[in-house]
Asker: 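Shown below is the structure under consideration.
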Number of protein chains: 2
Amino acid sequence: MTAHDSGRRLGRATRNEDRKAEIIQAALEVIAERGYRGASLAAVAERVGLTQQGLLHYFPTKEALLIAVLEIRDQWDMASAALAGSAWPMEMMASLVEYNATRPGIVQVFTVLAGDSVTEDHPAREYFKDRYRWVRHNAVESLRNEYGDELPGGLTPEQAAPLLIAIMDGLQVQWLHDPEAVDMPASFRDFVKLLTPDDLPKT
Amino acid sequence: MTAHDSGRRLGRATRNEDRKAEIIQAALEVIAERGYRGASLAAVAERVGLTQQGLLHYFPTKEALLIAVLEIRDQWDMASAALAGSAWPMEMMASLVEYNATRPGIVQVFTVLAGDSVTEDHPAREYFKDRYRWVRHNAVESLRNEYGDELPGGLTPEQAAPLLIAIMDGLQVQWLHDPEAVDMPASFRDFVKLLTPDDLPKT
DNA sequence: CAACCCCTACCGATCAATAGGTCGCCCGGT
DNA sequence: ACCGGGCGACCTATTGATCGGTAGGGGTTG
């Protein structure tokens, strides 16, 4: 809150934020390994060199930590969206998938959480519902932007959007289970081919 | 083991199997609601009118119960596969999806488990890996059977198979999160349209 | 038919581990 | 001296699991 960060003294506030970031990072790892329900505060704390109680000092409850984790993803999303002006070209999506294939950990967190959150009273339920809405809406724009209103099979962008998202999620699951049997980026590009109208032979 | 079930006396062995079936059913429900890690033996037991220890009499360990749950799915799969001679027409898949849309519970179990199982040392890890392999293989056959070797976008059945699976899984996740925003069966059919070569205008 | 026994089904008591969370204290920098 | 950061002790719930029992239906024997 105190905005006078004038001096080089990186305010104690900054220190605090740094620590929080570390913790979130650790939480990402642990959740990736054990899921939300299986991720104990103690395990997260240990990874940052804290005790469970020390962790609770930064995030008063486990749910608060989860929320922080989800918010950080939103920040990434927003950042990327800003880069692309809210309508991502397919090519950018493809390279995003490629990038994801590099970081199984991150993919795993959100795959696990997305499954987890379908559960009763899960704290991330609402989050995912909203997120999917947003992502779908975004996909519609991107699709229309790239292919116009008419896609192969007579599909509209509105119809294709859920499919695009489903492909990304579904491929991740298969890929996480068996990276050697599923080439996630290649498969994604295959799907893009399906979406590409074939009346332009593409050189 | 005693094969002389001649009389109408439904052997105590049958009784045993029945009880097990009940328990598995209950386990399906509880897992759907809370995931595997969140599903306590006590909760499952209570649903069948047993104590936790009573349950453990039938399945000596939690993992054993999980395995039984997974096996029952295999039985369903096998049964359906038998019906279709191992190569499912697309139309049958579509109606399977339609059927699934009727039973959110079942879908939820396996969506949750599929996510859950990506986790370290998860007892169902191997199961899902194998299952995906099998399903993919199966999909290849079905696709080739239906469309031949050449699909839209120049894809081979081998390339399209992971996409088909991904669509099913991915749509389920979105649908579970927001059934009103995602029409799973319709979306699946949309995807099938993408796969259908357009040189046959279909009446 | 009765006495007997045995095995299946099931429960009560109990455990060790682990969970998330609270409270009060201390330490060190400013 | 103050305060943010952090820990130790402690608590209560819950978990999966073990052990020792017991109720009773069924078959066997006399």
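Convention: sequence-line order gives letters A, B, ...; per-chain numbering from 1.
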Asker: Phosphate oxygens OP1/OP2 of dA17(D): is one of them under 4.0 Å from a side-chain N or O of Thr61(B)?
Answerer: yes
Asker: Give, ordered by number, those residues of residues 64-71 of chain B having at least one heavy-atom distance below 4.0 Å to an atom of DNA chain D; if nothing qualifies, reply none.
Answerer: none
Asker: Could you tell me whether Ala45(B) contacts a base, only the sugar-phosphate backbone, or nothing, with contacts defined as non-hydrogen atoms closer than 4.0 Å?
Answerer: nothing
Asker: Taking only side-chain N and O atoms of Asn16(B), does any of them lie within less than 4.0 angstrom of OP1 or OP2 on dA9(C)?
Answerer: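 Asn16(B) to dA9(C) OP1/OP2: side-chain N or O found under 4.0 Å.
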Asker: Find the distance Leu55(A):CG to dT22(C):P and express it as a whole number of Å.
Answerer: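 It works out to 14 Å between those atoms.
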Asker: Would you say a side-chain N or O of Thr51(A) is under 4.0 Å from OP1 or OP2 of dC7(D)?
Answerer: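 Yes, such a contact exists.
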Asker: Go nucleotide by nucleotide along DNA chain C from the 5' end; which of Leu50(B) and Glu63(A) gets its closest nucleotide reached first?
Answerer: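 By nearest-heavy-atom nucleotide position, the 5'-most residue is Leu50(B).
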Asker: Quick one about Gln53(B) and Thr51(B) (side-chain donor to acceptor, distance below 3.5 Å, no hydrogens or angles considered), yes or no?
Answerer: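 Result is yes, a qualifying pair exists.
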Asker: Look at the side chain of Gln53(A) and the base of dG21(C), then say whether one donor and one acceptor between them are separated by less than 3.5 Å.
Answerer: no
Asker: Check the phosphate of dT14(D) against Ser40(B), side-chain N and O only, distance under 4.0 Å to OP1 or OP2. Yes or no?
Answerer: no
Asker: Separation of Leu41(A) atom CG from dC7(D) atom P, in whole Å?
Answerer: 14 Å
Asker: Counting any heavy atom closer than 4.0 Å, what does Leu56(B) reach on the DNA or RNA strands: base, sugar-phosphate only, or nothing?
Answerer: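 Base, at least one base heavy atom under 4.0 Å.
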